[in-house]
Amino acid sequence: MNILEQTEDTLKQQIKAAVLKADLASEEEIPSIILEKPKEKSHGDFATNIAMQLARVAKKAPKMIADDIVSHLDKTAASIDRVEIAGPGFINFFMKTDFLEDVIPAILDAGAAYGTTNTGHGKRIQVEFVSVNPTGDLHLGHARGAAFGDVLCNLLATSGYQVEREYYMNDAGNQIDNLARSIEARYAQALGREAEMPEDGYHGADIVEIGEELAKEYGDKWLHESTEERINFFKEYGLKYEFQKIEADLNEFGVTFDNWFSEKSLYEENKITPMLHKLEEGNYTYEKDGAVWFRSTDFGDDKDRVLVKNDGSYTYLTPDIAYHQNKIDRGFDQLINVWGADHHGYIPRMKAAIQALGYPKNKLEVKIIQMVNLFENGQKVRMSKRTGNAVSLRELMSEVGVDAVRYFFVMRSNDAQLDFDMDLARSESNDNPVYYVQYAHARISTMLKQAENKGFALDGAFDAALLTAEKETELLKKLGEYPQVVADAAQKQAPHRVTQYVFDLASLLHSFYNAEKVLDADNEALTYARLALMKAVRITIANALALLGVTAPEKM
RNA sequence: GUCCCAGUAGCUCAGCUGGAUAGAGCAACAGCCUUCUAAGCUGUGGGUCGCAGGUUCGAAUCCUGCCUGGGACGCCA
């Protein structure tokens, strides 16, 4: 438990004790006591609305209740400096600042582990994200999902969950046949033959490349093989080529997976038929128009879904249900899927399937990532100038760098659409939040070097009680909040809270930097206290940036 | 037509489990470098929280209806 939590806990207990002593309510009648951190400084360090909540039970005006509570409160035990009653009945607590003195030692002690908690209690969570089809480049929506998923996993892992990252490879079914036939056409074309692309073929530049590569490597060998052999070979070749490219792009983006799950393996390991039988046994399927349908409307879907088409093949949904069953069978407590906004209509049928297989609906949670709109020179960028296709992750990374892309993609709530301003992401100015935060880290780093040059030992003893300036107190409070922010962001699955936090922390640092001088030969004691504070800030910024997958530079 | 997301300052967005005078950044305006990085800081102005009802001591937040924008509604994946 961190310092701030401890302080809050003690305070809550004391408030509860005061309520009982004042005979305002019985033990059972007391609602859980909520402490908030007022935005307004004049409202104290903590505030509670308990008096208003008790108004009905105690049948008294909130202000009188507040008076009663305050007069029965043991201020020393809760390390309260003073208490005020304000507004309609808020009780504002002004704490003795000594609790802040423990913040720095705690951070220096924990180092890179500061922010780690065990709020997840080892719960096993699997996060499936990206899972792009092997038929082209990763575009902006995928990239945002990749950044979101990755940071979410980092958050969960830091908060004591056991996390597994998985990529579901769509390496079977129609679209892969299509891929092979597209390659076939490009291959023939590369050999100078007339060949038409299949009707729903993939027209990306990568397929042309594959065709050329094959022509170079094999000449016209594959034109003479049987269609079956040729297509099978192209299928495998194309899959390998595409997934390698996807993996390489993701690696460069700082995203890796624990497991790449093959859709094809569901067929090879016979996972689909047993699943269909199970649905059938539960009477969740029926035949109509020569097809097998899933009665997903039993679980609130707006229409039933086809599992087996009248030509005997499966829809996309069918192996996907088997996949989710497989995931659950692997023993995860919770499944999280990160999907693009265009998949949201798919949620009810997958949740229906999970219930039909006998699992609770909330075993699966789906995070929907809203669309990304790219802007450059104030204009919406629809297509890449270079390729004429949608702008790819690779292109974006080379244009603005990994740090900016990652930061920008998790800066906003996942369910809000995102405007990505290329000029802003590129700009090396205070407008750019990434640079703003990184600059704070670099500033401290060079300052610490200066300190050493001037003969101040970086691990010197210090007295945190000397840090009483307003900017220092604010920094200390902010630093103390960090573990809760992380745990909160993990629990709410909201990575943007971390960008928000680290930006605020950087802002406080810059403000402090301008207001106070750290290295002061005439006041060694204060210098050492401030150096310790700076080290604590640097650690916290570095840890937050690490969660985001953004680098923390020593100098800029 | 049904469903999902969004609607908060000129722009881009926060706003946790309902709380006090709704917050940042950018843009605008006025200042701060002989001093640890000015990629920074300080100050000022700017809001009927889409609209209308309801619940509540108390609503940007919860409920209902409506309006606007985006997306999804295949025996595609």
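Values reported hereafter were calculated over all heavy atoms of this structure, with side chains retained and with hydrogens, waters and symmetry mates removed.
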Inset, instruction - Name the residue closer to the 5' end of RNA chain B, choosing between Phe90(A) and Met411(A) according to the nucleotide with the nearest heavy atom. - result: Met411(A)

Inset, instruction - Report the C-alpha separation of Asp403(A) and Gln438(A) in whole Å, then their side-chain angles, then the decisive distance to 0.1 Å, and conclude whether the side chain to side chain donor-acceptor pair (under 3.5 Å) test is met. - result: CA-CA 10 Å; Asp403(A) 284 346; Gln438(A) 289 181 320; 3.0 Å; yes

Legend entry - Passing candidate, ring-ring contact (aromatic ring centres under 6.0 Å, His included) with Tyr323(A), options Tyr168(A), Tyr267(A), Tyr314(A): Tyr168(A)

Inset, instruction - Rounded to whole angstrom, note down the P distance from U17(B) over to C63(B). - result: 13 Å

Legend entry - Base G71(B) paired with Asp342(A) side chain (donor-acceptor, <3.5 Å): no

Legend entry - Sugar-phosphate, base or nothing in reach of Met371(A), heavy atoms under 4.0 Å: sugar-phosphate

Legend entry - Pair Arg412(A) + Asp415(A): basic N to acidic O under 4.0 Å: no

Inset, instruction - State plainly whether the residues Arg530(A) and Glu516(A) are in salt-bridge range, i.e. N to O under 4.0 Å. - result: yes

Inset, instruction - Select base, sugar-phosphate, or nothing to describe what His510(A) touches, counting heavy atoms under 4.0 Å on all strands. - result: sugar-phosphate

Inset, instruction - Just call it for Thr315(A): base, sugar-phosphate, or nothing, with non-hydrogen atoms closer than 4.0 Å on any strand. - result: sugar-phosphate

Inset, instruction - Identify whether the distance between the nearest side-chain nitrogen and carboxylate oxygen of Lys517(A) and Asp520(A) falls below 4.0 Å. - result: no

Inset, instruction - Assign Asn310(A) to base, sugar-phosphate, or nothing according to its heavy-atom contacts below 4.0 angstrom with the strands shown. - result: base

Inset, instruction - Using only heavy-atom distances, decide whether a donor-acceptor pair under 3.5 angstrom links the side-chain of Asp320(A) to the base of A77(B). - result: no

Inset, instruction - Remember a base hit wins even if backbone is also touched, and classify His343(A) as base, sugar-phosphate or nothing at under 4.0 Å, heavy atoms. - result: base

Legend entry - side chain to side chain donor-acceptor pair (under 3.5 Å) assessment of Ser296(A) paired with Asp301(A): CA-CA 5 Å; Ser296(A) 57; Asp301(A) 197 5; 2.9 Å; yes

Inset, instruction - Take Leu519(A) and Arg497(A), find for each the nucleotide of RNA chain B with the closest heavy atom, and name the residue whose nucleotide sits nearer the 5' end. - result: Arg497(A)

Legend entry - Dot-bracket pairing map - RNA chain B, Watson-Crick plus G-U, both contacts under 3.5 Å, | cross-strand: (((((((..((((.....[...)))).(((((.......))))).....(((((..]....))))))))))))....

